[in-house]
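Below is one structure, written out as C-alpha cells, with a few remarks after it.
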Amino acid sequence: FKQKAAYEMQRGLVGSEMWIRDRREGEPVEWTKLKKILYCYRMMGLTGAVINKDEITGELAWQGSQNLQIYKDMFEGEFIKQTTEFYKKQADQWIQVSSCPEYVTSALAALKKEEDKVLNFLDKETRPKLLTSLEKVLIEE
C-alpha cells in the first residue's frame, strides 16, 4: 500500500521540487502545502504506524518507527542535487560581479536561507547532507 501511495504522490512531489526552484527564482511558493506533502513522505516510511487524533488540536498524528527511505528515494536526493546545481550557478555569477567580501556575504546568506528551509520544511537528517553539499560548492570550489 505504501509503495503504491508513494508512486501516486510522486506527481505531487515533482510539483514540490518545481515550487522550491520557483521560490529560489523569486516566485511565491505555497509553503504550507509543500510542508504537508513532505510530511506525508516522511510519515509513509513509518513502520508499525498508528494514526492518532490530537485531542487538543484535532489534527491527526502518525506515530511509529521512523524509516525515511521513501522520503530519501523520492525527494531528498533530487532536492539536494537541484539545490547544489542552483547555487553552483549562483556562485559563478557572484564571483563575476562581486568583491570577495560581497561574495562571502552572499554565500553565508544562501547557507542560512537553505538551513532555515531545512528546519522549517524538511527532515532534520537532510540538513547535514545539504549543508555539506552547499559548503563544497560555495566555499571550496
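Note that these values count all heavy atoms, side chains included, but never hydrogens, waters or copies made by symmetry.
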Rounded to the nearest 0.5 angstrom, the CG-NZ distance for Leu130 and Lys81 is 15.0 Å
In terms of side-chain geometry, is the basic nitrogen of Glu115 or Lys112 positioned less than 4.0 Å from the acidic oxygen of its partner? no
To the nearest 0.5 Å, tell me how far Gln90 CD sits from Thr83 OG1. 12.0 Å
Which heavy-atom pair separates Trp94 from Ala110 by the least distance, and what is that distance? CH2-CB, 3.9 Å
Can you measure from CZ (Phe79) to NZ (Lys129) and round to the nearest 0.5 angstrom? 12.0 Å
To the nearest 0.5 Å, how far apart are CD1 in Ile139 and NZ in Lys136? 13.0 Å
Distance check, rounded to the nearest 0.5 Å: Thr105 atom OG1 versus Glu102 atom CD? 7.5 Å
Keeping the roles fixed (side chain from Tyr103, backbone from Leu138), state whether a donor-acceptor pair exists under 3.5 Å. yes
What's the spacing between Lys72 NZ and Asp123 CG if we round to 0.5 Å? 8.0 Å
Give me the atom names and distance for the closest heavy-atom approach of Leu111 to Leu131. O-CD2, 4.1 Å
Could you go through Glu85 and Lys88, starting from their C-alpha distance and side-chain angles, then the distance that decides it, and tell me whether this counts as salt bridge (Lys or Arg N to Asp or Glu O under 4.0 Å)? CA-CA 5 Å; Glu85 289 171 359; Lys88 183 169 180 44; over 6 Å; no
